Amino acid sequence: MYDPPPSELSRLAKLRIVEEHQVYALERTRASIRELEAEQERQRERDKKRRIEVSWKLQPSRADGGVALLHRANRGLYTKEIGYLDAMEAQIAMGEPGIEPCQVCRPQD
């Protein structure tokens, strides 16, 4: 098949070439976006894991009048995904009446 030189291509042929290039570029851009979004999600998960490793959680007291327990967040004894405390907040909580450290994960150590 004879391929005419670019100067002899019709306007329609030229536009189809441009379109093919734009479709290719759009597909590459979308692939790059997906890769970046996936990396951001992995980074969020790493950040969350690091934050949990240095956090504490307060388990509310039970309805039967028990005490609230302070746990290390990464120990899994109290599995709610809310209420993380930083070091200062954990120290404050330890000084409050009705809050005791968990005897298993020993957050005061």
Side-chain angles (χ1 to χ4, degrees):
M1 176 177 204
Y2 170 73
D3 285 333
S7 62
E8 295 179 25
L9 290 175
S10 70
R11 184 163 185 259
L12 178 60
K14 290 176 184 178
L15 286 174
R16 285 190 173 139
I17 292 169
V18 170
E19 178 188 36
E20 285 178 28
H21 174 71
Q22 289 175 334
V23 167
Y24 170 79
L26 180 59
E27 288 171 357
R28 291 301 317 139
T29 301
R30 286 179 175 162
S32 295
I33 289 170
R34 284 190 301 273
E35 289 171 16
L36 290 171
E37 287 173 338
E39 177 55 34
Q40 281 183 340
E41 183 58 30
R42 287 189 295 271
Q43 184 62 45
R44 274 192 292 273
E45 288 299 317
R46 286 190 296 268
D47 292 347
K48 179 181 175 182
K49 184 178 178 182
R50 269 188 245 120
R51 180 175 41 89
I52 290 172
E53 287 174 355
V54 297
S55 295
W56 292 260
K57 288 193 287 186
L58 190 59
Q59 179 179 359
S61 60
R62 296 189 179 126
D64 63 5
V67 296
L69 293 176
L70 186 66
H71 297 275
R72 290 266 187 194
N74 62 346
R75 298 297 173 121
L77 294 173
Y78 178 61
T79 57
K80 296 287 184 186
E81 289 287 326
I82 58 170
Y84 292 108
L85 305 174
D86 63 25
M88 183 183 294
E89 293 167 331
Q91 283 181 329
I92 293 168
M94 288 292 295
E96 293 294 316
I99 298 176
E100 295 180 3
C102 171
Q103 295 304 309
V104 177
C105 64
R106 303 184 53 80
Q108 71 275 23
D109 295 337

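Predicted model, so just to flag it, every value in this text is computed and none were measured. Sequence positions, counted from 1, serve as the residue numbers for this chain.
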task = Report the C-alpha distance between R16 and E19 in whole Å, list the side-chain angles of each, state the deciding distance to 0.1 Å, and finish with yes or no for salt bridge (charged side-chain N to carboxylate O under 4.0 Å, His left out).
result = CA-CA 5 Å; R16 285 190 173 139; E19 178 188 36; 5.6 Å; no
query = Would V18 and Q22 satisfy side chain to side chain contact (heavy atoms under 4.5 Å, CB included), going step by step from the backbone distance to the final call?
reply = CA-CA 6 Å; V18 170; Q22 289 175 334; 3.8 Å; yes
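With rounding to the nearest 0.5 angstrom, the CD atom of E37 is 11.0 Å from the OG atom of S32. Here NZ of K57 is found 11.0 Å from CG of L70. Values are rounded to the nearest 0.5 Å. Summarising the geometry, atom CZ belonging to R30 is positioned 4.0 Å from atom CG belonging to L26; distances are rounded to the nearest 0.5 Å. Rounded to the nearest 0.5 Å, atoms CD (E35) and CD1 (I33) are 10.5 Å apart. Between the CD1 atom in I52 and the CG atom in D47 there is a gap of 11.0 Å [rounded to 0.5 Å]. A distance of 14.0 Å separates CH2 in W56 from NE2 in H71, rounded to the nearest 0.5 Å.
The two atoms that bring E89 and Y84 nearest to each other are OE1-O, 4.1 Å, heavy atoms only. Here the closest non-hydrogen pair linking L69 and P101 is CD2-O, 4.2 Å. Closest approach of L58 and A68 over heavy atoms only: CD1-CB, 4.2 Å.
A salt bridge is absent between R50 and E53: the closest approach of a Lys/Arg side-chain nitrogen to an acidic carboxylate oxygen does not fall below 4.0 angstrom. Look at E39 and R46 and you find a salt bridge, because one of the NZ, NE, NH1 or NH2 atoms lies within 4.0 Å of a carboxylate O, short of that distance.
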